[in-house]
> 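Quick one: this structure, given as structure tokens, is what I'll be asking you about.
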Amino acid sequence: MTHSPSRNYTLGILHGDGIGPEIVPAAVTVADAAVAAVGAAPIDWRELPLGFAAIERLNEATPKSTLAALAETDGWLLGPHDSAAYPEPFRSELNPSGTIRKHFDLYANVRPAKAFPGANAVVAGTDLVIMRENTEGFYADRSTYRGTGEFMPTADVAIALGIITRQACERIAREAFELASRRRRHVTIVHKANVLKMTTGLFRDVCREVAAKYPEVRVDDFHIDAMTVHLVRRANDFDVLVTENMFGDILSDLAGELAGSLGIAPSLNASQDRAMAQAAHGSAPDIAGQDRANPVAMILSTAMLFDWLGARHDDEAMTEVAALIERSVELTVAQGISTPDMGGSSRCRDFAQAVAAAVKQF
């Protein structure tokens, strides 16, 4: 379907560290091909410094100039970072992705896990989305206004704050139920209210309150430990899972592997007016620069960004771009073209070119 180019979009590019400079350009290649295929206006890509490259050039891992430039874009692609390897004082600071999420209040981390032919899924038929609260909870880097929320009163005692607020619970619950209303109308609340009675108990209870406004959506809930077992045994029984920060991070890695590999696990960090595409996996420094990285997760994360743009701006062309990217990835893998981690022999750059070529088959 061809659309008249009615709106121009400016999207940021943050390559990051490790394999980021390989998988992010791969995603841009595929996105440009899909945008051209639907007849939308070309994307105005803005490359911005972040991570090691920014430390070397500007003596900041997340430059203030980068944050200011991102505020002028419609969204952006973020490659993985290797902040554990940064020199001090940068290693001890809030990492780049955490800094960006906090700065723009990207409270919803949307992490799909979808099996498709050729992806070697552990549980065939897996098609779920984990809606992860992204601004507080039991991750110390997100639980305070300033600082990391982690401190040591003595050399032998370490303390981390876990913050749960009604406001944050309500808005992530609304996102989960809105998404489920467009999918299979089933939300599962994941918590640990039998032990963390006040914190995750509040999360569970607020989610149930929001559920009352969506009578068409079926609701159940499980403790986090039980949920890991249910995912392994019957992942294809679940639709949308909503949970706090740390639980969501753990479950999404598990779900990604059940669907085939963390290398195909995408994610989107979003608020009402900002969105950032970011693959769920890390920077894989051991294979950086070898053209062996799997770009599927970054490509599919980019598709999620285009889908978000389509919904936010009521732009059918962007929605079509998102669907076209996803279909093209699935077709390419089904044809036996994949990177070494998925049992194939394609290089990262070659795989991206194959997906870009597949766009023309629809």
> Can you get from Leu70 to Val24 by hopping between Ile, Leu, Val, Met, Phe, Trp and Tyr side chains that sit under 4.5 Å apart?
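Each belongs to a different hydrophobic cluster.
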> Just checking Met198: does its CE atom have more than 12 heavy atoms from other residues, nucleotides or ligands closer to it than 6.0 angstrom?
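No - once you tally the heavy atoms of other residues, nucleotides and ligands closer than 6.0 Å, there are 12 at most.
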> Can Glu216 and Ser181 be counted as having a side-chain donor-acceptor contact under 3.5 angstrom?
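Their side chains do contain a donor-acceptor pair, which is all the 3.5 Å distance test asks for.
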> Before you tell me yes or no, could you show the steps for Glu326 and Lys114 under salt bridge (Lys or Arg N to Asp or Glu O under 4.0 Å), namely the whole-Å CA-CA distance, both residues' side-chain angles and the distance that decides it to 0.1 Å?
CA-CA 11 Å; Glu326 184 174 345; Lys114 182 180 180 181; 2.9 Å; yes
> Considering all heavy atoms of both residues, which atom of Glu175 and which atom of Met131 are nearest to each other, and what is their separation?
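Of all heavy-atom pairs spanning Glu175 and Met131, the closest is O-CE, 3.7 Å.
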> From Ser83 OG over to Glu93 CD, what is the distance, rounded to the nearest 0.5 angstrom?
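Taking OG in Ser83 and CD in Glu93, the distance rounds to 10.5 Å.
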> Should Ile287 and Ile299 be counted in the same cluster of Ile, Leu, Val, Met, Phe, Trp and Tyr side chains packed under 4.5 Å apart?
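Yes, it is one cluster - the side chains of Ile287 and Ile299 are joined through contacts under 4.5 Å.
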> Rounded at 0.5 Å granularity, tell me how far CG in Asn95 sits from CD1 in Ile100.
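Going from CG on Asn95 over to CD1 on Ile100, the span is 9.0 Å.
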> Dump the intermediate steps for salt bridge (Lys or Arg N to Asp or Glu O under 4.0 Å) on Asp225 and Lys192, then the final yes or no.
CA-CA 8 Å; Asp225 45 347; Lys192 189 62 178 173; 3.0 Å; yes
> Just how far is it from atom CD1 of Ile23 to atom OG1 of Thr302, taken to the nearest 0.5 Å?
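Reported to 0.5 Å precision, the distance equals 9.0 Å.
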> Check this for me, if you would: do Arg312 and Asp74 make a salt bridge, where the nitrogen-to-carboxylate-oxygen distance has to be below 4.0 angstrom?
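No.
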> List the steps and the verdict of side chain to side chain contact (heavy atoms under 4.5 Å, CB included) for Phe306 and Ile43.
CA-CA 11 Å; Phe306 279 96; Ile43 301 299; 3.9 Å; yes
> Grouping I, L, V, M, F, W and Y whenever their side-chain heavy atoms are under 4.5 Å apart, do Tyr107 and Val190 come out in a common cluster?
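The answer is no; the residues belong to distinct hydrophobic clusters.
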> Same cluster or not: are Met298 and Ile337 linked, directly or through other Ile, Leu, Val, Met, Phe, Trp or Tyr residues, by side-chain heavy atoms under 4.5 angstrom apart?
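Same hydrophobic cluster.
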> Charged N to carboxylate O under 4.0 angstrom, Arg208 versus Asp221?
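Salt bridge present between Arg208 and Asp221.
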> For Gln290, does the CD atom have more than 12 heavy-atom neighbours from other residues, nucleotides or ligands under 6.0 Å away?
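Yes, the 6.0 Å shell around CD holds more than 12 heavy atoms from other groups.
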> Decide whether Tyr86 and Asp17 meet the rule of one side-chain donor and one side-chain acceptor closer than 3.5 Å.
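Yes, because at least one side-chain N or O of Tyr86 sits under 3.5 Å from a partner of the opposite role on Asp17.
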> If the threshold is 4.0 Å, N to carboxylate O, is there a salt bridge linking Asp249 and Arg111?
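Yes, this pair counts.
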> Got a second to check how far Leu196's CG is from Phe203's CZ, nearest 0.5 Å?
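It is 12.5 Å, given to the nearest 0.5 Å.
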> Does the His191 side chain pair with the main chain of Ala193, one donor and one acceptor, at a distance under 3.5 Å?
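Judged by distance alone, yes, a pair lies under 3.5 Å.
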> Going by the salt bridge (charged side-chain N to carboxylate O under 4.0 Å, His left out) test, which pairs reach into residues 343-362, not counting sequence neighbours?
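Every salt bridge (charged side-chain N to carboxylate O under 4.0 Å, His left out) pair that includes a residue of residues 343-362, provided the two are not neighbours, is Asp291-Arg349.
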> For Asp156 and Thr154, which I'm curious about, is there any donor-acceptor pair between the side chains at under 3.5 Å?
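Not at all, the side chains of Asp156 and Thr154 share no donor-acceptor pair under 3.5 Å.
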> How about Asp314: does its CG atom have over 12 heavy atoms from other parts shown lying under 6.0 Å from it?
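It does not: Asp314 CG has 12 such atoms or fewer within range.
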> If we ignore angles and hydrogens, is there a donor and acceptor under 3.5 Å between the side chains of Asp220 and Thr188?
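Yes, Thr188 and Asp220 have a side-chain donor paired with an acceptor closer than 3.5 Å.
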> Roughly how far apart are Thr126 OG1 and Phe238 CZ, rounded to 0.5 Å?
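If we round to the nearest 0.5 Å, Thr126:OG1 and Phe238:CZ are 11.0 Å apart.
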> Supply the atom-to-atom distance Asn245 CG to Ile163 CD1, rounded to the nearest 0.5 angstrom.
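Rounded to the nearest 0.5 Å, the CG-CD1 separation comes to 12.0 Å.
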> Between Arg327 and Glu320, does at least one N-O distance fall below 4.0 Å, as a salt bridge requires?
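A salt bridge links Arg327 with Glu320.
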> Hey, are Glu178 and Tyr214 close enough side-chain-wise for a donor-acceptor pair under 3.5 Å?
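Their side chains do contain a donor-acceptor pair, which is all the 3.5 Å distance test asks for.
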